[in-house]
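I have placed the structure first, in the form of structure tokens, so that the comments after it can refer back to it.
Order of the sequence lines sets the chain letters (A, B, ...), proteins ahead of strands, with each chain counted from 1. In this text, all values refer to a predicted model and were calculated from it rather than measured experimentally.
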Amino acid sequence: MAHPIVSLAKRRGFYWPAFEIYQGVGGLYDLGPLGARLQQELVDLWRSTYVLPEGFLEVDTPTLGPEVLFRASGHLGEFADLLVCCRSCQEPFRADHLLEGVHPNPEALPAPEVDGLLVQHKVRCPRCGASSFDPARPFNLMFQSNFGPIPGRFAYLRPETAQGIFANFPALYRLHRKRLPFGVAQVGRAYRNEISPRQGLLRLREFGQMEVEYFHGPTPADKDHPRFGEIAADLTSLVPAPAAGTPAAPVAVTFQQAVDRHIVAHRLIAYHLARVQQFLLRAGIPAERLRFRQHEADEMAHYALDCWDAEVLLEAGWVEVVGIADRGCFDLEQHQKASGISMEAERILAEPREEEVTEVIPNFATLGPSFKGKAKAIGEALRSLDHAVLAGPITLTLEGGEEVVIRSDHFSLSTRKERRTVEPFLPHVVEPSFGLSRILYCVLETCYQVEVSPSESDAEQGTSEPEDGEGSAAGGYVRLRLPPVIAPTKVGVFPLMDRDGLTELALQAERRAIAEGLSAFVDTSQSIGRRYARADEVGVPFCITIDYQTKEDGTVTLRHRDTRTQERHSIVDALLAVAAAVRKPVSFGRGT
RNA sequence: GCAGGCGUCGUCUAGUGGUAGGACGUUGGCCUUCCAAGCCAACAACCCGGGUUCGAAUCCCGGCGCCUGCACCA
């Protein structure tokens, strides 16, 4: 059974399957009025409590990218696996797995060869033992299109926002005035053509991501963070990758202890884990439903050296919502190789180094007459030669195979001393990657609370789900305990009676709330209790009620969603209290 | 993609061959001086396409979607 939040979400407008008028498309969901606003609030919270305080640079890059980009990133190579299905039991297998031991590099084989090798070596189905397979077909999780009318220029929808950041590293490094470390953030959508999307917002073909690439130096001293102290004492729950023979088990530690006991490799990863945890807690995920689990070696993505997932305990089990990966220099190295553009940063040497540099200087005065039009190419080739081999006349092989004989008067050697004050290196990167759509769902599910009304609770039923129909009295009183900072609607304004001028006062109060930047609404329908109930169900944290006393002294009641308690304030004070409660915190300090 | 189950107002559902009923909801009205389910009325549905049949929500086939398991999950 789906969690009752699912039908509430559709009924009240958080989210629902997309394109339902055409029977829908799996893995695509619409965010409704409340969902769109909730998502925006989550992004704002992330930006104000994480991106801004950390000084990250935020960028926005295209969702489409060229083939070379994703060749370089490894996504096309790694994810265009060939799949074969067993004819008798229909089980699908990755071709390269079946051909292990049969071929030295099974991943690189084209489909026809895979089919041939499977028959030739009588490979058996690991499941049922039969040895007859359907033809191999490529299985790509990347969405493909074309740029312009030329069919050969493939365009791909990005499977993560990260590559747009890596591809911009040289510019971003310059814009940060060539100082490391620094982080770059991006919020956007990513696309993966999932085989069988399921579980609503948890497995989508198009989803929201909030990613950070934290560029830093490669030495052990760089794997640290100046503000580690702020989070060192925060408590967390870690599930390290199990060592041989020992099962994975959660440990409760502070981040300081996690580093001291070598559960987490270094303080830099630990720092990011702490910031991720802080964000999730502020978004309303209960601490007891949150943990970090370390990937095992065989679970790791092709680029990762170390990876921790933030997981949230849902009805469906533990679900990954943030991945914190140490990507090393993998991505920058790949893009440097593929593009020919340097992705290196520079480090100032503690002590300048004197180096003797010997260069080959082509002598075009003699090269020109000897080689005419080829002189320029030969000159370039000479420059790139190792000077050690250049004793006298040599034979040079040009591109295209032509050999030319170079005389000693065709070039000269120049030796000079160079004083080096910097050295180049490829930065490393730690990547906290937030699954925005998943977080949105986790927040909704974990904030969902049912209170069995006292008259009906014959058993002690705590906060579990209703047995049958929801959205009604049968299931109990539904309350969405969204933190005020992310609640899509901040305050409801209710006239106690829809008469005697109370509604007019409510409309005035609503205007003032909106002027304060608070999303507000007036509800005059039916009884006051029903209006509170309707507001509680979608997580409105505060309700202001206009009553007869308001007409006399201008005061209203301010009701708190989670406690149902009310206080009397002037309208201005009530709105100030709401505004204070929904203001996004800025986190330099520790804790939550 | 495979196997099994499922698809009825916005939501939860009743309905096994004679063209759909309830509850919640929404809207309007009545009542009501602070915590949903008081009264009256209205609104609103058989996933899509074919087939069988005099007649299909119901039976058959295909598609799409959802759920569970397998596989996949950067």
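Closest to the A:R559 side chain, of the nucleotides B:rC35, B:rC34, B:rA74, is B:rC35. Candidate nucleotides B:rG1, B:rU33, B:rA74 were compared by shortest atom distance to the side chain of A:L496, and B:rU33 ranks first. The side chain of A:R564 lies closest to B:rC35, out of B:rC35, B:rA36, B:rC34. Ranking B:rA36, B:rU33, B:rC35 by closeness to the A:Q566 side chain, first place goes to B:rC35. Of the candidate nucleotides B:rC34, B:rA74, B:rU26, B:rU26 has the atom nearest to the side chain of A:R534. Distances were taken from every side-chain heavy atom of A:S196 (C-beta onward) to each of B:rG1, B:rU26, B:rC73; the shortest belongs to B:rG1. In this structure, the nucleotide among B:rU33, B:rC73, B:rC34 sitting nearest to the side chain of A:I528 is B:rC34. Side-chain proximity of A:P159 to the nucleotides B:rC66, B:rA74, B:rG1 is greatest for B:rA74.
For the atom pair OG1 of A:T550 and CD of A:Q508, the computed distance is 11.0 Å after rounding to the nearest 0.5 Å. Atom CD of A:Q294 sits about 11.5 Å away from atom CD1 of A:I324, to the nearest 0.5 Å.
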Run the side-chain hydrogen bond (donor to acceptor under 3.5 Å, both in side chains) check on A:H560 and A:E567 step by step: do they pass? CA-CA 9 Å; A:H560 298 254; A:E567 308 144 5; 3.0 Å; yes
Report the C-alpha separation of A:T555 and A:D553 in whole Å, then their side-chain angles, then the decisive distance to 0.1 Å, and conclude whether the side-chain hydrogen bond (donor to acceptor under 3.5 Å, both in side chains) test is met. CA-CA 6 Å; A:T555 62; A:D553 61 9; 2.7 Å; yes
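Nearer to the 5' terminus of RNA chain B, by closest-nucleotide assignment, is the contact made by A:A533 (compared with the other of A:A533 and A:V25).
Contacts of A:R203 with the nucleic acid, taken as non-hydrogen atoms under 4.0 Å apart, include base atoms. Within 4.0 Å (heavy atoms only), A:G13 reaches no atom of the nucleic acid at all. Here A:Q199 lies in heavy-atom contact (under 4.0 Å) with sugar-phosphate atoms only. Across all strands, A:R531 comes closer than 4.0 Å to no nucleic acid atom at all (heavy-atom distances). Within the 4.0 angstrom heavy-atom criterion, no nucleotide atom of any strand lies near A:G323. Across all strands shown, A:Q526 has heavy atoms under 4.0 Å from sugar-phosphate atoms exclusively, and none from any base. Among the heavy atoms of the strands, none lies under 4.0 Å from A:S525.
Across all strands shown, B:rG62 forms a Watson-Crick or G-U wobble pair with B:rC48, both key distances being under 3.5 Å. Pairing of B:rA14, defined by two Watson-Crick or G-U wobble distances under 3.5 Å, is not identified with any nucleotide. The partner of B:rA56 is absent, by the rule that a Watson-Crick or G-U pair needs both atom distances under 3.5 Å. Within the shown strands, B:rG69 is the pairing partner of B:rC2 under the Watson-Crick or G-U definition, both distances less than 3.5 Å. If you check B:rA20 for Watson-Crick or wobble pairing at under 3.5 angstrom, you find it has no partner at all. Judged by Watson-Crick or G-U wobble contacts below 3.5 Å, the nucleotide B:rA42 has B:rU26 as its partner.
Counting only distance, with no hydrogens or angles, the side chain of A:K551 and the backbone of A:D500 share a donor-acceptor pair below 3.5 Å. Although no hydrogens or angles enter the test, the distance criterion places no donor-acceptor pair under 3.5 Å between the side chain of A:R12 and the main chain of A:V538. A:K490 contributes a side-chain N or O that, together with a main-chain N or O of A:P484, makes up a donor-acceptor pair within less than 3.5 Å.
Nucleotides B:rA44 and B:rG22, compared at atom C1', are 14 Å apart to the nearest Å. Atom C1' of B:rC46 sits at a distance of 15 Å from the matching atom of B:rC6, rounded to the whole Å. Across B:rC72 and B:rG18, the matching C1' atoms stand 48 Å from one another, rounded to whole Å. Across B:rC31 and B:rC12, the matching C1' atoms stand 29 Å from one another, rounded to whole Å. Rounded to whole Å, the P atom of B:rC9 lies 16 Å from the corresponding atom of B:rG49. For the C1' atoms, the distance linking B:rG17 with B:rC40 amounts to 38 Å, nearest Å. Comparing the P positions of B:rU16 and B:rA20 gives an interatomic distance of 14 Å, to the nearest angstrom. Here the separation of B:rG38 from B:rC24, taken at their P atoms, is 8 Å to the nearest Å.
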For nucleotides 4-9 of chain B, just jot down a letter per nucleotide in 5' to 3' order: B, S or -, based on protein non-hydrogen atoms under 4.0 Å. ------
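Between A:D309 atom CG and B:rC73 atom C1' the separation is 11 Å, expressed in whole Å. The distance from atom CG of A:D498 to atom P of B:rU27 is 13 Å, rounded to the nearest whole Å. The CD atom of A:Q549 sits 17 Å away from the P atom of B:rU33 (whole-angstrom rounding). When rounded to the nearest whole Å, the span between CD of A:E320 and P of B:rA74 equals 7 Å. One atom, CZ of A:R205, and another, P of B:rG65, lie 7 Å apart when rounded to the nearest Å. Here the P atom of nucleotide B:rC30 and the CZ atom of A:R499 are 11 Å apart, to the nearest Å. In this structure, the CZ atom of A:R479 is 11 Å from the P atom of B:rA36, given to the nearest Å. For the pair A:Y548 OH and B:rU33 P, the computed distance is 7 Å after rounding to whole Å.
A:K10 has a side-chain polar atom (N or O) that falls below the 4.0 Å cut-off from OP1 or OP2 of B:rU11.
In this structure, A:R534 is not positioned above the aromatic face of A:F521 in the sense of NZ or CZ being under 6.0 Å from the six-membered ring centre and within 45° of the axis. Note that A:R291 lies in the cation-pi zone of A:W318, set by a 6.0 Å cut-off to the ring centre and a 45° limit from the axis.
Comment: A:E211 does not engage A:R327 in a salt bridge, judged by the lack of any side-chain N to carboxylate O separation of less than 4.0 angstrom.
Checked by distance alone, A:R198 brings a side-chain donor or acceptor within 3.5 Å of a matching partner on the base of B:rG69. The base of B:rC34 is paired with the side chain of A:T557 by a donor and an acceptor separated by under 3.5 Å. No N or O donor and acceptor, one from the side chain of A:Y22 and one from the base of B:rC48, sit under 3.5 Å apart.
Of the listed residues (A:R530, A:R559, A:R561), just one forms a salt bridge (charged side-chain N to carboxylate O under 4.0 Å, His left out) with A:D536, and that residue is A:R559.
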